[in-house]
Amino acid sequence: MRRYVLKGVMLMLVGSLAACSQSTDSVTAHTKSYVFKAKNDFDPNYTTQISGTIQLMKPVFKTFYDDGVKDRQAGMTREQALLKAENFRKEKSSEKMESQHTFINSSYTSSLSDKQRALFINEAMGTYLDGFDGR
């Protein structure tokens with residue numbers, strides 16, 4: 001009897017440790033980071049669907065990751081990649097960025113706040129550099 005209890009405890013311990021060691025890819029990590037930091041649920045009548053927003057934003061961040069991979073395969077150096085990321089950051093920080101929302105079957109666009117735009121640019125460039133570095 002004692003042997004079965006000990007085996008059960010060991011299995012639960014191993015199972016709990018295995019569940020904690022899951023890792024996510026770079027695109028998912030940067031997408032989640034952006035969504036969690038950029039959400040603005042200050043209105044009790046409005047909530048962000050986090051999982052849906054993450055799934056919708058993944059293809060956007062995947063394009064930045066793929067661009068990093070392509071640049072690495074084209075023979076670009078790390079310094080050139082950093083310069084490209086910095087130029088993108090300067091170019092996009094002055095541009096007006098818009099997001100599209102759907103509410104009760106009606107779509108509307110709104111411009112991103114400065115905070116959201118900075119968060120998006122930082123996460124996008126992080127994803128690009130992760131793609132370049134092969135992470």
Side-chain angles (χ1 to χ4, degrees):
M1 176 79 170
R2 186 173 177 180
R3 180 179 290 170
Y4 293 115
V5 171
L6 184 60
K7 285 183 181 179
V9 169
M10 292 290 283
L11 283 174
M12 288 186 345
L13 181 63
V14 169
S16 66
L17 289 175
C20 294
S21 66
Q22 294 176 352
S23 62
T24 59
D25 63 330
S26 173
V27 173
T28 303
H30 283 285
T31 305
K32 284 182 178 181
S33 177
Y34 171 71
V35 170
F36 283 120
K37 290 177 184 175
K39 73 179 189 136
N40 51 358
D41 292 344
F42 56 86
D43 185 357
N45 297 317
Y46 175 80
T47 59
T48 301
Q49 281 188 323
I50 304 238
S51 61
T53 305
I54 290 170
Q55 292 303 318
L56 289 172
M57 291 296 293
K58 267 188 187 180
V60 175
F61 286 98
K62 179 79 170 130
T63 58
F64 289 105
Y65 186 86
D66 292 341
D67 285 345
V69 171
K70 288 177 192 173
D71 287 346
R72 177 65 164 209
Q73 291 172 348
M76 187 181 282
T77 65
R78 174 93 172 139
E79 289 78 24
Q80 290 171 326
L82 290 171
L83 183 62
K84 182 177 179 178
E86 190 59 35
N87 288 339
F88 179 83
R89 181 174 285 127
K90 288 177 185 176
E91 175 186 316
K92 291 295 181 184
S93 64
S94 62
E95 265 184 32
K96 180 180 175 184
M97 298 175 86
E98 294 184 341
S99 63
Q100 184 175 0
H101 305 277
T102 303
F103 183 72
I104 309 177
N105 296 327
S106 298
S107 293
Y108 64 96
T109 59
S110 64
S111 59
L112 293 177
S113 68
D114 291 339
K115 174 190 169 192
Q116 289 174 327
R117 184 174 40 235
L119 286 171
F120 177 77
I121 292 169
N122 287 337
E123 294 298 334
M125 290 304 91
T127 308
Y128 168 78
L129 291 174
D130 284 352
F132 183 83
D133 293 334
R135 293 186 214 162

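- Scored by the side chain to side chain donor-acceptor pair (under 3.5 Å) test, Thr77 finds Gln80 as partners (sequence neighbours excluded).
- Applying the side chain to side chain donor-acceptor pair (under 3.5 Å) test to Lys32 and every residue at least two apart in sequence or in another chain returns nothing.
- Nearest heavy-atom pair across Thr31 and Ile54 is CG2-O, 3.4 Å.
- Separating the OG1 atom in Thr28 from the CE atom in Met57 is a distance of 12.5 Å, to the nearest 0.5 Å.
- The NZ atom of Lys70 lies 12.5 Å from the CE atom of Met76; values are rounded to the nearest 0.5 Å.
- A distance of 11.0 Å separates CZ in Arg72 from CG in Leu129, rounded to the nearest 0.5 Å.
- Considering only residues two or more places apart in sequence or on other chains, Ser26 meets the side chain to side chain donor-acceptor pair (under 3.5 Å) condition with Asp130.
- The shortest non-hydrogen separation linking Tyr128 to Asp71 is OH-OD2, 2.5 Å.
- In this structure, NE2 in His30 is found 10.0 Å from CG in Asp25, a value given to the nearest 0.5 Å.
- Interatomic distance, CZ of Phe36 versus CG of Leu119, reported as 13.5 Å (0.5 Å rounding).
- The same ILVMFWY cluster, assembled from side-chain heavy atoms under 4.5 Å apart, contains both Leu82 and Phe88.
- Contact check for Phe120 versus Phe61: side-chain heavy atoms found under the 4.5 Å cut-off.
- Residue Tyr65 holds its OH atom at 9.5 Å from OG1 of Thr127, rounded to the nearest 0.5 Å.
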